[in-house]
There are 2 protein chains.
Amino acid sequence: MLLSSIDPTGHTVPESATAERLLDAAERLMATHGIEGTSVRMITGEARANIASVTYHFGSKEGLVQAVFRRRLDWLNTERLRTLDALEAEARGTPLKPSKIVDAFFGTLLRMGQNPQQGGAVFLQLLGRTMTEPSQFIDSLLAQEHEAVIKRFKRALIQSLPNVPKAEIVWRFHFMLGATAYAIAGADQLAVIAGLRTKSSADRYMHQLQARLMSFLLGGLRAPLPDLSSTERSP
Amino acid sequence: MLLSSIDPTGHTVPESATAERLLDAAERLMATHGIEGTSVRMITGEARANIASVTYHFGSKEGLVQAVFRRRLDWLNTERLRTLDALEAEARGTPLKPSKIVDAFFGTLLRMGQNPQQGGAVFLQLLGRTMTEPSQFIDSLLAQEHEAVIKRFKRALIQSLPNVPKAEIVWRFHFMLGATAYAIAGADQLAVIAGLRTKSSADRYMHQLQARLMSFLLGGLRAPLPDLSSTERSP
DNA sequence: GTCTATATCATGATAGAC
DNA sequence: GTCTATCATGATATAGAC
């Protein structure tokens, strides 16, 4: 069943303790098992709520999934725009450094991973995995939530890098999204690879990830331009 | 039911026309709907085969999924190693250029997307999406298929970049994997973003993707090293 | 608002005729 | 090798008591 942004019973934002427990449980389980791999039974079991509670509070499983993402993405994107606004106000018309823009977008996301109030690493993992999931309604959900923000940041980057063609920046922004999505989705595995097995080193890991990913992203963003001459004909 | 590499009836490699149609249909459908989102009924329907044919030829749905990946990854990784071997033989002990190594690994993958004999863009999309999917058995399948190859390439990169710390290269290799996975998984969407809507421009799109992604990856790989001093304590 | 009980459907797998 | 028919299971969603 398709749901508009306001469901039949008028609940889109958690108004009860049960609804919030459902959101938390869904977020945690979907980060581990994927969205399709998480059943309503698993969610209500973990949240110590009744099977019917999902339908009551969110209209359907789909409504619950949307609410899980909205709760975090609204906060994230507001924060991103707020940061970019501040940077631009401070610069008074002079072009911003690309590193500042990249940090406002990707750094804000990564710092969410250390903010338990906003889902922490769990939501980061969920978001990363979702970004390549081939679900129609998720695609459109993420697109809606992100579209305006991404447009703003692309514009800022284009102004910030006058020597890089506009089209190239659009592609590279996409590549940056990919590197980030994968890095946060596979944080568990990567932590093992990096030899950090204990929970206590998780914080340190997130700091390392942030610093290292950021320099990687900037290196890619400012890389020498590709030779597209062979694009005309296959070599 | 768990399957070893040889199933009860002894079929792991397609020996019949039906088995091959099943592999093709599964590959196509899973690229679009995801692995969990693709049912055996969908596959047999598309392949014009019977419901029971999957069990007969591959033992289970899981066996079929494994066969889909093995068919392509075996070819891909053989090709990668062959290319790297040739480069090293040609260099006669002198260090390889990083761009050559990156091309042997990622370029070979991207060129698969223009090789219909090896699944073309369809398999690329499936692989990209799968790399962030949180399925246990897929994780281990990909790990098995990739482990030895990735080790070889990491070693080659470390030798090729003596000024970059070993750990940094490992992280950056992971970031490169992510940027690539996302780029090939979202090829549809990206094509739309880039303004290429017609099927006829798909080839040109893949060429552009290849050139642009490659320069991005190399830029990230050779980026200035991050400042990790703030890693000790949270800022 | 929360529960139990149930309706309805789709899934993966299998048995057994041909 | 291929089919039909069927199984057990688990999914979402809902009706109706409390």
Side-chain angles (χ1 to χ4, degrees), chain A residues 1-4 7-26 29-30 32-68 133-138, chain B residues 1-4 6-26 29-30 32-68 133-138 141:
Chain A
M1 175 195 289
L2 279 177
L3 275 186
S4 60
D7 82 343
T9 50
H11 301 269
T12 49
V13 172
E15 291 164 351
S16 76
T18 303
E20 205 151 339
R21 283 207 314 280
L22 288 172
L23 287 171
D24 291 340
L29 289 167
M30 294 186 325
T32 307
H33 303 98
I35 295 174
E36 308 238 338
T38 302
S39 69
V40 174
R41 280 173 167 78
M42 290 164 70
I43 296 169
T44 53
E46 175 110 346
R48 299 185 318 281
N50 193 266
I51 313 265
S53 58
V54 167
T55 308
Y56 177 76
H57 286 286
F58 301 98
S60 65
K61 181 190 178 183
E62 189 170 314
L64 170 58
V65 174
Q66 290 206 19
V68 166
E133 249 184 40
S135 160
Q136 206 172 359
F137 100 90
I138 291 168
Chain B
M1 176 194 291
L2 280 177
L3 274 187
S4 59
I6 304 219
D7 83 343
T9 50
H11 301 270
T12 49
V13 171
E15 291 165 352
S16 76
T18 303
E20 205 151 338
R21 284 207 314 281
L22 287 172
L23 287 170
D24 291 340
L29 288 167
M30 294 185 326
T32 307
H33 302 97
I35 295 174
E36 307 238 339
T38 302
S39 69
V40 173
R41 281 173 167 77
M42 289 164 71
I43 296 169
T44 53
E46 175 110 348
R48 299 184 317 281
N50 192 266
I51 314 265
S53 57
V54 167
T55 309
Y56 177 76
H57 286 286
F58 301 98
S60 65
K61 181 190 179 182
E62 190 170 313
L64 171 58
V65 173
Q66 291 205 20
V68 166
E133 249 185 39
S135 159
Q136 206 172 359
F137 100 90
I138 291 167
L141 171 64

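In what follows, every chain begins at residue 1, and chains take the letters A, B, ... in the order their sequences are listed.
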task = Provide the closest heavy-atom pair for A:A19 versus A:H57 in the form atom of the first, atom of the second, distance.
result = CB-ND1, 3.9 Å

ask   = Which heavy atom of B:I43 sits nearest a heavy atom of B:A25, and at what distance?
value = O-CB, 3.8 Å

Rounded to whole Å, how long is the line connecting atom [atom1] of [X] with atom [atom2] of [N]?
{"X": "A:Y56", "N": "C:dG1", "atom1": "OH", "atom2": "C1'", "answer": "5 Å"}
{"X": "A:F58", "N": "D:dT14", "atom1": "CZ", "atom2": "C1'", "answer": "18 Å"}
{"X": "B:E20", "N": "D:dG1", "atom1": "CD", "atom2": "C1'", "answer": "17 Å"}
{"X": "B:L22", "N": "D:dG1", "atom1": "CG", "atom2": "P", "answer": "13 Å"}
{"X": "B:I51", "N": "D:dA5", "atom1": "CD1", "atom2": "P", "answer": "12 Å"}
{"X": "A:N50", "N": "D:dT14", "atom1": "CG", "atom2": "C1'", "answer": "12 Å"}
{"X": "A:H57", "N": "C:dC3", "atom1": "NE2", "atom2": "C1'", "answer": "12 Å"}

Five-pair end axes of the helix from C:dG1-D:dC18 to C:dC18-D:dG1, angle between them (10°) = 0°

task = Report the distance from atom CG of B:L64 to atom OG1 of B:T55, rounding to the nearest 0.5 Å.
result = 10.0 Å

ask   = Taking atom CD of B:E36 and atom NE2 of A:H33, what is their separation to the nearest 0.5 Å?
value =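 B:E36 atom CD to A:H33 atom NE2 measures 10.5 Å (nearest 0.5 Å).
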
ask   = Can you tell which of D:dT2, C:dT14, C:dC3 lies closest to the side chain of B:T18?
value = D:dT2

ask   = Quick one: does A:K61's side chain have a donor or acceptor within less than 3.5 Å of a partner on A:T38's backbone?
value = yes

Check: residues 46-53 of chain B side-chain donor-acceptor pairs under 3.5 Å, at least two apart:
unit_1, atom_1, unit_2, atom_2, d
B:E46, OE2, B:R28, NH1, 2.5
B:N50, OD1, B:A52, N, 3.0
B:S53, OG, B:N50, O, 2.4

task = Ignoring backbone atoms, establish whether B:S53 has a side-chain N or O less than 4.0 Å from OP1 or OP2 of D:dC3.
result = no

request  = Report the C-alpha distance between A:V65 and A:F58 in whole Å, list the side-chain angles of each, state the deciding distance to 0.1 Å, and finish with yes or no for side chain to side chain contact (heavy atoms under 4.5 Å, CB included).
outcome  = CA-CA 9 Å; A:V65 174; A:F58 301 98; over 6 Å; no

key: Student check: side-chain heavy atoms of A:T18 and A:R21 closer than 4.5 Å   =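 A side-chain contact exists here, since the closest heavy-atom pair is under 4.5 Å.
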
Between the protein and nucleotides 7-11 of chain D, list every N/O to N/O distance that falls short of 3.5 Å.
unit_1, atom_1, unit_2, atom_2, d
D:dA11, OP1, A:S39, OG, 3.3
D:dA11, N7, A:R41, NH1, 3.4

